[in-house]
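These numbers come from a predicted model, not from an experiment.
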Amino acid sequence: MTTSKKKLLLPDTMARTGWELARSRADVDAVPFSPTAPNPEFRRLLSDAEGVALTSTPLRAADIEAAPRLRAVARIGVGYDAVDVAALTGRGIPLMTCGTDNSPTVAEYALFMMLSLCKGATMDALPRQGRWSERYNFLPSELLGKTLLIVGFGRIGTRIAKRCLAMEMAVEVYDPYVSAESVRAAGCKPVADLDAALSRADVVTVHCPKTPETAGLFNAARLARMKPSARLINTARGGIVDEAALHAALVSGRLAGAGIDVFSPEPPLTDNPLFTLKNVIVAPHMAGNSRESLDRKALTVVLNLLSVLDGAPRTEYVVNPEALHKQ
């Protein structure tokens with residue numbers, strides 16, 4: 001008697017390490033799909049899948065309803081604002097993320113953007129273009145002794161704090177869901193008033209999830225509270241920072257610079273006015289991706305899916321633990 005294989009629907013962009021693990025299981029049928037596939041095609045593939053891994057593909061209630069055999073969903077990353085968690089929980093389906101797999105990667109990228117803005121990455125063009133005499137037109141700034149404000153003190157925020165403390169910055173933290181004692185234990189100063197903290201910060205870096213509470217958190221009024229010499233980094237989610245308000249602050253000289261890895265919508269329109277500004281560094285939502293982190297995340301996501309199908313969920317990665325009680 002033959003036993004049917006468990007179908008795992010996996011993005012064709014997933015790193016080789018994950019594919020090798022999935023294909024090493026004789027009882028698993030690892031089926032690729034394109035994250036850019038039209039929704040009808042994705043639903044067709046999802047209809048008989050027991051597990052699915054997601055990158056940028058949204059998973060809405062209607063998609064979940066169209067997948068009667070679905071038992072596990074895993075994100076190749078940590079954000080899940082494009083996933084209907086309530087619908088999954090109602091079906092007893094756990095949603096799992098990759099934990100800390102990309103946390104150091106994002107922290108490094110935020111630090112890269114911070115240094116690029118302060119040190120003048122555009123200076124690279126001067127010797128290449130014979131513009132040596134212009135080298136004093138932009139004087140780099142130091143991070144030594146400067147005040148960094150971290151908004152969101154989770155897996156990524158704590159790591160950027162360690163790196164910036166090592167660079168002798170004064171680190172303040174705004175996160176209403178983390179205790180003041182925990183922030184102090186990390187060598188940082190907790191702040192309860194975001195607006196007051198913004199006026200002190202030389203650099204602000206955003207590492208909070210996008211929720212109804214944080215959508216539009218950095219609007220025109222908040223940006224106006226920042227120093228004209230300050231820089232803003234967003235590697236969290238598009239929509240937390242109001243892009244139109246940010247553009248207005250940058251062109252008017254009310255803000256010195258910005259590093260933006262995430263947009264709303266994504267991909268952004270090519271005529272986004274932020275792209276015309278020399279005091280802005282942008283990236284295509286890649287802060288959490290590196291050769292190393294992609295390998296880590298691919299392994300974790302497949303292990304997460306298999307753990308559910310094998311009846312032993314890796315609970316430390318589950319976003320909605322209440323779903324496990326419905327199985």
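- Sparse packing is recorded around OH of Tyr80, with 12 or fewer heavy atoms of other residues, nucleotides or ligands lying under 6.0 Å away.
- A donor-acceptor pair under 3.5 Å is absent between the side-chain atoms of Lys210 and the main chain of Ile240, judged by distance alone.
- Among residues at least two apart or in separate chains, salt bridge (charged side-chain N to carboxylate O under 4.0 Å, His left out) pairs with a member in residues 125-142 are Asp124-Arg128, Arg131-Glu134.
- With Asn320 contributing its side chain and Ile93 its backbone, the two residues share a donor-acceptor pair below 3.5 Å.
- Rounded to the nearest 0.5 Å, atoms CE (Met226) and CG (Asp195) are 12.0 Å apart.
- Between the side chain of Arg25 and the backbone N or O of Leu21, no donor-acceptor pair lies under 3.5 Å.
- Atoms SG and CG, from Cys208 and Leu217 in turn, are 6.0 Å apart once rounded to the nearest 0.5 Å.
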### Query
After noting the C-alpha distance and the side-chain angles of Asp29 and Lys7, does the key distance pass the salt bridge (charged side-chain N to carboxylate O under 4.0 Å, His left out) rule?
CA-CA 5 Å; Asp29 181 19; Lys7 178 178 173 180; over 6 Å; no

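- Rounded to the nearest 0.5 Å, atoms CG (Leu194) and CG (Leu149) are 6.5 Å apart.
- Of the inter-residue distances, the one linking Asp101 atom CG with Tyr317 atom OH reads 6.0 Å to the nearest 0.5 angstrom.
- Atom CG of residue Leu223 and atom CG of residue Leu246 lie 6.0 Å apart, to the nearest 0.5 angstrom.
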Donor-acceptor pairs under 3.5 angstrom involving side-chain atoms of residues 8-17: please list them, not counting sequence neighbours.
from: Arg16; atom 1: NE; to: Glu20; atom 2: OE2; distance (Å): 2.9
from: Thr17; atom 1: OG1; to: Asp295; atom 2: O; distance (Å): 3.0

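- Under the side-chain hydrogen bond (donor to acceptor under 3.5 Å, both in side chains) criterion, Ser179 pairs with Ser182, not counting sequence neighbours.
- Note: Arg231 CZ to Thr205 OG1 = 14.0 Å, rounded to the nearest 0.5 Å.
- The number of heavy atoms from other shown groups lying within 6.0 Å of NZ (Lys162) does not exceed 12.
- Remark: the backbone N or O of Ser199 is not paired with any side-chain donor or acceptor of Arg225 at under 3.5 angstrom.
- A donor-acceptor distance shorter than 3.5 angstrom exists from the side chain of Asp63 to the backbone of Arg60, with no hydrogens or angles considered.
- Salt bridge Asp84/Arg91: absent, no basic N to carboxylate O contact under 4.0 Å.
- The backbone N or O of Ile260 sits nowhere less than 3.5 Å from a side-chain atom of Asn234 that would complete a donor-acceptor pair.
- Under the 4.5 Å side-chain heavy-atom criterion for ILVMFWY residues, a single connected hydrophobic cluster contains both Met167 and Phe112.
- Remark: side-chain polar atoms of Glu172 are not paired, donor with acceptor, to backbone N or O of Ala201 under 3.5 angstrom.
- Without hydrogens or angle criteria, Asn304 side chain to Thr97 main chain gives a donor-acceptor distance under 3.5 Å.
- At least one donor-acceptor pair under 3.5 Å links the side chain of Ser290 to the backbone N or O of Ser293.
- Using modelled atom types, one side-chain atom of Arg71 and one backbone atom of Leu309 make a donor-acceptor pair closer than 3.5 Å.
- Relative orientation of the Phe263 and Phe275 rings is perpendicular, given thresholds of 30° and 60° on the angle between their planes.
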